[in-house]
Amino acid sequence: MASSSTRGQRRTAVLLLTPFFGLFVAVTLAPLLYAAWLSLFTTRTSGLGFGGAESVFAGWDNYVRALSDEAFRDGFLVIAAYCAVYIPIMIGGALVLALLLDSGLAKARSFFQLTLFLPHAVPGLIAALIWVYLYTPGLSPVIDLLESGGLTVGFLSADNAVLSTANIAVWEWTGYNMVIFYAALQAVPRETLDAATVDGAGALRTALAIKVPMIRPAVALSVLFTVIGSIQLFTEPEVIYSASTAIGSSWTPNMYVQTAAFQDNDFGLAAAASLLIALFAALLSFAVTRISRRGSKP
């Protein structure tokens, strides 16, 4: 009887898991395997360019070409600079806003949550277009206001490209992460907070010594997702590139992949670069996870 029940549970589990694994294979595993296969080939022409193109086995040549390309390597330096600006400001701002909303002084919490979350509801492409409009001289009322005060800022210049891109992302994602942190704060035991108040801890001390440490897993998870998303940076700089030639078409790794695939028609190189980006993201995610776990130990 027990054996029959166990077999029934197994059949039910297989039935429920089959759609997930089917979609996983179709939309994740199969494209990865195809990209890996594609990265091992390159297209060559014969007859001084007049002959037909043929796909030939290149082995690891595409990976070597990508790693040897200065434009591809510089893209990761851009991502590092972007993360150094974006992550502290966005995570820190979201955490401060969540703590303020959770404090006893906050009023109209639902209104402010919705207001701060609204920028995230705007599609990334639309958000980038809005900010490029605000960055463009002759169109932007912000630039006109700054110039009336004697201040000239080239938001679309190469020197300010990282800051301008990070500003768009901060505007988009601060409210989203604020909601995550605020939800985590609601799970902090009220008894612990009451005990801190009885012991004479003020609001600031309670926030820094009790609330922030108790929501550290939520903060670590947000940092992890932010790092992964930063490595995939594409939409914002691509829109900026379309409005200004101050940055190149291979400014970020993902822009490099698009240029290789759809401008140079070098799909083998694009596939190899994509897999290298995925590998880098996996290694960085592992490092962030290890650091956050180590930091959470007493």
Side-chain angles (χ1 to χ4, degrees), residues 16-17 20 79-124 127 131 163 165-233 236 281-298:
L16 294 175
L17 291 175
F20 165 77
I79 294 298
Y82 171 80
C83 289
V85 174
Y86 166 53
I87 294 179
I89 295 176
M90 190 275 290
I91 295 294
L95 187 57
V96 169
L97 290 172
L99 290 170
L100 288 175
L101 288 178
D102 189 61
S103 67
L105 300 176
K107 305 295 182 183
R109 290 186 178 90
S110 298
F111 170 77
F112 284 107
Q113 284 186 67
L114 178 61
T115 302
L116 293 169
F117 183 80
L118 277 178
H120 181 69
V122 178
W131 279 100
L163 297 177
T165 305
N167 177 66
I168 299 174
V170 168
W171 182 79
E172 285 183 277
W173 289 95
T174 299
Y176 173 85
N177 286 278
M178 178 272 299
V179 171
I180 294 177
F181 297 158
Y182 181 74
L185 287 169
Q186 302 310 295
V188 175
R190 298 295 117 177
E191 298 83 4
T192 304
L193 302 179
D194 293 340
T197 303
V198 172
D199 289 341
L204 181 60
R205 172 97 178 157
T206 300
L208 297 179
I210 297 177
K211 291 183 178 180
V212 173
M214 295 193 75
I215 67 168
R216 187 176 296 165
V219 175
L221 187 64
S222 292
V223 171
L224 176 61
F225 288 159
T226 303
V227 168
I228 296 174
S230 298
I231 296 172
Q232 302 173 23
L233 180 65
E236 293 85 356
L283 293 175
L284 193 57
S285 301
F286 176 76
V288 172
T289 303
R290 289 294 299 270
I291 293 172
S292 61
R293 284 180 179 176
R294 186 176 302 174
S296 63
K297 291 180 180 180

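Considering only heavy atoms from C-beta on, Val227 stays 4.5 Å or farther from Ser285 through its side chain. With contacts defined as side-chain heavy-atom distances shorter than 4.5 Å, the pair Trp173/Thr226 does not qualify. Under the 4.5 Å side-chain criterion, counting only non-hydrogen atoms from C-beta, Leu185 is not in contact with Met214.
Considering every non-hydrogen atom in both Thr174 and Val170, the closest pair reads OG1-O, 2.6 Å. When every heavy atom of Ser230 is checked against every heavy atom of Ile79, the shortest pair comes out as O-CD1, 3.2 Å. The minimum heavy-atom distance between Ala281 and Ile231, with the atom names listed, is CA-CD1, 3.5 Å. Nearest heavy atom pair, residue Cys83 against residue Pro88, reads O-CD, 3.3 Å. Nearest heavy atoms, Ala127 versus Val122: N-CG1, 3.8 Å.
Between the CG atom in Leu99 and the CD1 atom in Ile215 there is a gap of 6.0 Å [rounded to 0.5 Å]. Expressed to the nearest 0.5 Å, how far CG of Leu116 lies from OH of Tyr182 amounts to 12.0 Å. Here the CD1-CD distance, from Ile168 to Glu236, works out to 6.0 Å after rounding to the nearest 0.5 Å. Interatomic distance, Phe286 CZ to Ile291 CD1, rounded to the nearest 0.5 Å: 10.5 Å. With rounding to the nearest 0.5 angstrom, the CD1 atom of Ile91 is 4.5 Å from the CZ atom of Phe181. For the atom pair OH of Tyr86 and CG of Leu163, the computed distance is 14.5 Å after rounding to the nearest 0.5 Å.
The aromatic rings of His120 and Tyr176 are tilted relative to each other, their planes meeting at an angle between 30° and 60°.
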Chi angles and distances behind the side chain to side chain contact (heavy atoms under 4.5 Å, CB included) call for Leu101, Phe112: CA-CA 8 Å; Leu101 288 178; Phe112 284 107; 3.9 Å; yes
